[in-house]
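Encoded as structure tokens, the structure appears first; notes follow it.
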Protein chains: 2
Amino acid sequence: MKKEENNMGWLFDEEVSDSGDLTEKQKRIVKAAVEMFQEKGFSASSTSEIARRAGVAEGTIFRHYRTKKELLLAIVTPVMSHLVAPFIVKDLDKVLEQDYEHYEDFLKAVVRNRQTFIRKHLPIVKILIQEIPFHEELRTQFIEHIAKDLFDRFGKVVVHFQEKGELIEIPSSSAIRLSLTAILGFFLARYIMVPDRDWDDEKEIEITVQFILHGLKAR
Amino acid sequence: MKKEENNMGWLFDEEVSDSGDLTEKQKRIVKAAVEMFQEKGFSASSTSEIARRAGVAEGTIFRHYRTKKELLLAIVTPVMSHLVAPFIVKDLDKVLEQDYEHYEDFLKAVVRNRQTFIRKHLPIVKILIQEIPFHEELRTQFIEHIAKDLFDRFGKVVVHFQEKGELIEIPSSSAIRLSLTAILGFFLARYIMVPDRDWDDEKEIEITVQFILHGLKAR
DNA sequence: TTGTAAAGTGAGTAATCACTCATTTTTAAA
DNA sequence: TTTAAAAATGAGTGATTACTCACTTTACAA
């Protein structure tokens, strides 16, 4: 009765939150909750203040979400499931069909694609990162459905370019880790640690990608 | 009356927590608090349960720490201040005095040194990472006294090897970021994300360092 | 206009929260 | 053995918590 996840939208472009079938007040609850969770964290955020900020009676929250935790999950799980899965499928195909001739092309596509996503859903991504350690469901969902999938697919890409002789022959898990941390490190610096610096995104991405390429180049 | 930080100990080796002048019950409070903060996070941890786990009356906590937050800070700030500062001073000297002939030597020293520290204080490091976003004092202390210092010193090292023609001429901030994220990415994977895998630390460190070196090599 | 289900309300509830304080116990120097 | 300070206690405090429920309002098809 609650979730009718429109299971197509994001495949074509985005719109992760099924904001369509939410009532006006429900949207304001979600908005206020995202703000508060980000500022104080989940368990330091009270439902009474969320209601106050949303301009809504406290009971209204519990009309739509049976518990405070359910509210958190409703906010965070759709973003989690779109954080990683969809783009990699598409880009994986392009790699295997040789649309991406070099690892460089693949990397750049990944970075660009995820940058627009993270930029758009940054507050929720932050909440997700914060709360993952404390919620079993989030952890298992992340590991089982996201991380494993990501490593599988990313691993295939790495192996593909290793076999082409383009990348050094180290364990694919290491190559993935090194590629990902360089990329995530950029996002971390760019959007979380020092978002106020005036970044030259194009240049910084180029530096980061070249770093990975030279670091992993067959030698 | 509370803090008489023995300001020499860690310079020679470590022993970050001034456990010396703590009463028996105080040590058990700190131990229980670290456990709970790690499991549930700071604000989801109640002083009553901390007391129960420590086998201590709740009032005893407030004999030693005026507030719950003061307990958190007492646990977390000494680790933060030793997380970064001391080793870099020493290693910086060695670089400038050419004890470290190559960037490789510096990197390996840094990784080895910080690995023993992180291994020893992992629970508190985790708490620190979790709580930094929500506590102004922690954030400013981290930025002003830790991050800036680290970047200053690390920057000097990078520039030194750039001038020697060993490293590529990119902005030092980028070179630092790329070096650090590769190292931190290893620690993150090794001790937080998948600590249970059977790691070949030596090999993995070698791979990581070589990745950084080739990624940043002058070309 | 009426009927009905969904949306919204807010006072009320028991539990829990961080913290206090009068009192007792422990420690250790005199 | 005396004594005074420090450490430890735990019942008690008012505030706040997540959540409930009897009720009112709104939306809208018949």
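Below, chains carry the letters A, B, ... as their sequence lines are ordered, and counting in each starts from 1.
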>> How would you summarise protein contacts on nucleotides 10-27 of chain D per nucleotide, using B for base, S for sugar-phosphate only and - for none, with heavy-atom distances below 4.0 Å?
In response: B------SBBB-B-----
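Rounded to whole Å, atom C1' of C/dA18 lies 12 Å from atom CZ of B/Phe37. Protein atom CD1 of A/Ile29 is 10 Å distant from nucleotide atom C1' of C/dA7, rounded to whole Å. Atom CD of A/Gln26 is separated from atom P of C/dA6 by 14 Å (rounded to the nearest Å). The interatomic distance linking A/Ile61 (CD1) with C/dA7 (P) rounds to 16 Å, in whole Å. Distance, B/Ile50 CD1 to C/dC19 C1': 13 Å, rounded to whole Å.
An angle of 10°, rounded to 10°, separates the two end axes of the helix from C/dT1-D/dA30 to C/dA30-D/dT1, each defined over five pairs.
The main-chain N or O of B/Glu137 is found under 3.5 Å from a side-chain atom of B/Thr140 such that the two form a donor-acceptor pair. Judged by distance alone, with hydrogens and angles left aside, the side-chain atoms of B/Gln26 form no donor-acceptor pair with the main-chain N or O of B/Leu22 at under 3.5 Å. A donor-acceptor pair under 3.5 Å is absent between the side-chain atoms of B/Lys40 and the main chain of B/Ser46, judged by distance alone.
Salt bridge A/Glu206/A/Lys108: present, at least one basic N to carboxylate O contact under 4.0 Å. The pair A/Glu49-A/Arg53 meets the salt-bridge criterion, since a charged nitrogen lies less than 4.0 angstrom from a carboxylate oxygen. The pair A/Lys148-A/Glu144 counts as a salt bridge, with a side-chain nitrogen and a carboxylate oxygen less than 4.0 angstrom apart.
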Cut-off 3.5 Å, no hydrogens considered: what does the side-chain donor-acceptor table look like for residues 122-133 of chain B, sequence neighbours left out?
residue, atom, partner, partner atom, Å
B/Glu131, OE1, B/His135, NE2, 3.1
B/Glu131, OE2, B/Phe42, N, 3.0

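At D/dA6, none of the side-chain N or O atoms of B/His64 fall inside 4.0 Å of OP1 or OP2 (strictly under the cut-off).
Judged by the 6.0 Å and 45° rule, B/Arg114 forms a cation-pi pair with B/Phe117.
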